[in-house]
Amino acid sequence: MRRFLESLKMLVFGRPIATGREQRMALRTRLALPVFGASLLSTVAYAPDAVLDALRKGGQGTALPWMAAGVCAIMILLGFAYRSNVRKHPDERGDYGTVQDQLGPTAGMVTGAALLVDYIFTVAVSVAAIAQFAEFVLPVLEGYHTGIALAAIVIMTLANLRGIRERARVMLAVWFGFLLVIGALALVGALQGDLAGTATVKADATWSAAFSFAGAIASGAVMLTGIEHLASSAPYHAEPRAKRAGRTLILAVLAGAAAFLAASLLVWKYRVSGWQQGPVLLQAAERMFDHPAALWAVAVPTIAILYAAASAVFRRFSGLTSLLARDAYLPRQLSQQSDRLVFRGGVIWVSSASALLVIGTGARLEQLVHMYLIGAFAAIVLSQVAMVRFQRRRIALELRGRGRLRMQGTRVLHAAAATVGAGVWIVVAVFNFSAGAWLALLLVLLLVFLMRGIRQHYAHVREQLAIETDDPASARPSATHGIVLVAQLHRPALRAIAYAKAARHSSLEAVGVQIDRNATVELQRRWGELDLGVPLVILDSPYRDLVTPVLDHVRSIHRVSPRDMVVVYVPEYIVGRWWERFLHNRASMRLRERLLTIPRVVVAAVPWHLESALGTLESEALTRELPRVELREAGQDG
C-alpha cells in the first residue's frame, strides 16, 4: 500500500526536484509583461460589469464612458506611483516589505493580512468569472455555476502543487491574444457606426447620481487589484531589474486601461444594460456579430487570461505566506518548500479559502466584486503612505539641486496616490459594506489578530529557549532511572530490556499494569522462569486505566529525587500494511503523549519490525545484530 501511495504521489505531483536545480527567472519586458501582467489585464473581463452594475442601481447607465475614463485616470496615477515603488524597492516583498520597512512591523502586518485577503478574493472572483463565461457560450452548463468554479480551483490547486508554471511564451500568446480580441472588437465597433449617436440626455445632478458615480468609479477600481503582483516582480526581471520592472508595470497599466476603456465603450455603444444574465462583454459581442463562433472567439481567450491570473495569484499568495512565516507572523511550516520546490501550505490555504468563498456566495460574481477591493486598496494606501515617508527622509538628506526638486515631485505623486486610494477604499467600505465588504473587513481584522498572536507566541518561545549564562539545561542529571513498560513478555519486550541495560541507568525496573489478574499472574510466573535480572513492578489499576498508574509511578520517582531523569522505554510494533496501523500501538501512543508532558522525562520508543514491514531475511539479520538479554531458567546457572 505504501508503494502504491508513493507511486500515486509521484504521478500526481511529479518527481522531487533538488534544491540546486532551482533557477530564478530573468525575463525581459516582453516576456515579463504577460507573466506578471495577467492579473491586472484579466480584470477587463468583469470590471465593466461592476461599473455598469453600480450605475444601473442609480439609473445612470449612460454615464459609463465617463466613469470608465475616471477609472483609467486613477489607474495611470497609481501606475506611475507604483513605478516609483518598484524602482526604490526592487524586491519580491512588494507592498508588505515597503510598508514594513518604512512604517514599522504593525503596519507591515496589516498590509500582509490585507494582501492575503485580496489574493483569496482574486481567485474566487476569477473562477466565478470563468464559470460565467463558460455558461454563456455553453447553455447546457447552466445551473452548474458553483461546480464549474470549484472545478477550476481544483485544477489550479493540483497544477500549483505539482509546481507547473505556464511557459512565458504561452503566457505571451494568452496575454496578447486577449488584447488582440479586445482590439478587434473595438475596431469593428468603431466601423459599425458613430459612438456619439447613442448618447442620451445628461443625467440630473442628484445625490442618487453622485452616489452612483462614486460607487461606479470605486467598483471600476477593481482594475488595479493586480498592480501589487507587478510591484513584487522585480527579482524575476533581467538586469537592470528595477528599471525593467518599472517599465513592465507602466506598460501593463496602460494596456489594461486601454482595454478596459475599449470594452466599456463597446458595452455603452451597443446599449448593454446589465439586466440580462451573463458577462456584458459577451453580450456586446453577441449584438455585434450574432454568431456563436464570434462568442467562442471572445470567450476562449478571456477564460485563458482569467485562469492565468488566478494561477499566478496562487504562487504570489504562497510566496507571501512564506515571507510572513519567516517573519514569525504565520506558522513556520508555511516557509518550507515541498520536494517540488513549492510552498505547499500556502497553495492549500488559498485554494481552501477561495473554495469556501465560492460555495458561500454561490459563485455570484456581482456579490464577490463587492467584497473584493477592501484588501487591495488597504495595501495600496499603506504602501503610498510609506513611500511619502521614504521620500521625506530622502529630501532631508538632499539640501539643494534638481535631485531635491525631483524627490519633492515624487512625494507629491505618492501623496496624491495615497489620497485617491484612501477615497476609493472609503467609498467601497461605506457603499458596499452591507453587500459583502464587511466580510473582507472582518477577514483582515481576524488575520491581523491571528498574526499578532502567532508573533507573540514565537517571541515568548524564543525567550524561553534562549541560552543563558551557566544555563541549568546543560547540567547532567544526578541520576537516571530506567523504566521498561511490559504489557506481556515477548520479543519486543526483550529488545526494550536489552536497550535499557545497555544504557546503564542508576536504577532499572520493568513496569506492568494489572488489568486482568490472571494475565498478571502469568506474566509474573514467566518473568520468574526467565530470570531477566530486572525487577518487575506491577501497578494496580482498579478502573482498567493503562495510562494514569504509569504517570503516577513516574511522578513518585520525581517526588523522591526531583533532579533525577526518568527514561521510559515503550516497545512498539512497526507494521507495513496501512490497515495494520489501526490494530497496534494505540494505547502506547496515548501513553507516550501523556508522558511527554512531564518535565525531566525521556520517552524512548523501541521498535520491533513485523514481517509485513521487513522481509523475512532482513528481519532475521536485524534480530541477530541486537544486543541479547541473557535468559536463565530458574534453578540453572547462566
Report the C-alpha separation of W527 and V486 in whole Å, then their side-chain angles, then the decisive distance to 0.1 Å, and conclude whether the side-chain contact (heavy atoms from CB on, under 4.5 Å) test is met. CA-CA 11 Å; W527 194 271; V486 180; 4.2 Å; yes
Check against side-chain contact (heavy atoms from CB on, under 4.5 Å), I155 and Y307: CA-CA 10 Å; I155 294 172; Y307 177 90; 3.9 Å; yes
Residue pair V534, V484: steps toward the side-chain contact (heavy atoms from CB on, under 4.5 Å) verdict: CA-CA 10 Å; V534 176; V484 182; 5.9 Å; no
Before you tell me yes or no, could you show the steps for L523 and L536 under side-chain contact (heavy atoms from CB on, under 4.5 Å), namely the whole-Å CA-CA distance, both residues' side-chain angles and the distance that decides it to 0.1 Å? CA-CA 10 Å; L523 173 63; L536 174 64; 4.1 Å; yes
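Taking 4.5 Å as the limit, every side-chain heavy atom of H460 sits out of range of all side-chain heavy atoms of H457. No side-chain heavy atom of T98 sits under 4.5 Å from any side-chain heavy atom of L382. Looking at S383 and T111, their side chains never come closer than 4.5 Å, going by heavy atoms from C-beta outward. R452 is listed as a side-chain neighbour of Q456, based on a closest heavy-atom distance under 4.5 Å. Side-chain contact between F317 and L115 is absent, with no heavy-atom pair separated by less than 4.5 Å. Between D540 and I538 the shortest side-chain heavy-atom distance does not fall below 4.5 Å. Proximity of L443 to L447: side-chain heavy atoms (C-beta onward) are nowhere separated by under 4.5 Å. Residues N85 and Q384 meet the side-chain proximity criterion, which asks for heavy atoms closer than 4.5 Å.
Taking every heavy atom of both residues into account, A149 and A363 meet most closely at CB-CB, 4.1 Å. Across all non-hydrogen atoms, the minimal contact from R241 to A234 is CD-O, 3.3 Å. Listed here is the closest heavy atom pair of P492 and P571: O-CB, 3.9 Å. Scanning both residues, G533 and K501, for their nearest heavy atoms gives CA-NZ, 4.5 Å. For H505 against Y569, the heavy-atom pair with the smallest separation is NE2-OH, 2.7 Å. A pairwise comparison of heavy atoms in M371 and G436 identifies CG-O, 3.2 Å as the closest pair.
Remark: the backbone N or O of V123 is not paired with any side-chain donor or acceptor of S126 at under 3.5 angstrom. Using modelled atom types, no side-chain atom of R315 and backbone atom of N160 make a donor-acceptor pair closer than 3.5 Å. Although no hydrogens or angles enter the test, the distance criterion places a donor-acceptor pair under 3.5 Å between the side chain of E228 and the main chain of D95. When atom types are taken as modelled, the side chain of S506 and the backbone of H481 share no donor-acceptor pair closer than 3.5 angstrom. Remark: the backbone N or O of A493 is not paired with any side-chain donor or acceptor of W608 at under 3.5 angstrom. With hydrogens and angles ignored, the 3.5 Å screen pairs no side-chain donor or acceptor of S352 with any backbone N or O of W349. In this structure, S351 contributes its side chain and V347 its backbone to a donor-acceptor pair below 3.5 Å. With hydrogens and angles ignored, the 3.5 Å screen pairs a side-chain donor or acceptor of R455 with a backbone N or O of D327. At least one donor-acceptor pair closer than 3.5 Å links the side chain of W425 to the backbone N or O of I374.
Exactly one residue among L508, L595, V570, V566 makes a side-chain contact (heavy atoms from CB on, under 4.5 Å) with I483. That residue is V566. Among the candidates E92, R93, Q100, the single residue satisfying the side chain to side chain donor-acceptor pair (under 3.5 Å) test with Y96 is Q100.
No more than 12 heavy atoms of other residues, nucleotides or ligands shown are found within 6.0 angstrom of CD1 on I467. For R504, the CZ atom counts as loosely surrounded, since its 6.0 Å shell holds 12 or fewer non-hydrogen atoms of other residues, nucleotides or ligands. Surrounding CZ of R594 are at most 12 heavy atoms belonging to other residues, nucleotides or ligands under 6.0 Å away. Within a 6.0 Å radius of CZ in R563, other residues, nucleotides and ligands contribute 12 heavy atoms or fewer.
Pairs passing the side chain to side chain donor-acceptor pair (under 3.5 Å) check and including a residue from residues 551-560, sequence neighbours excluded, read E509-H553.
To the nearest 0.5 Å, the span separating CZ on R332 from CD1 on I454 amounts to 11.0 Å. Atom OG of S588 and atom CD of E593 lie 10.0 Å apart (nearest 0.5 Å). A distance of 15.5 Å separates CD in E463 from OH in Y458, rounded to the nearest 0.5 Å. Separating the CD1 atom in I359 from the CG atom in L150 is a distance of 5.0 Å, to the nearest 0.5 Å. Taken to the nearest 0.5 Å, the CZ atom of R316 stands 9.5 Å off from the OG1 atom of T321. Atom CZ of F433 is separated from atom CG of L439 by 10.5 Å, given to the nearest 0.5 angstrom.
Contacts of F377 classified as ring pair (Phe, Tyr, Trp, His ring centres under 6.0 Å), with partners at least two apart in sequence or in another chain: none. Partners of E522 according to the salt bridge (charged side-chain N to carboxylate O under 4.0 Å, His left out) rule, which considers only residues two or more places apart in sequence or in another chain, are R525.
Between the side chains of Q488 and R526, no donor-acceptor pair of N or O atoms lies under 3.5 Å.
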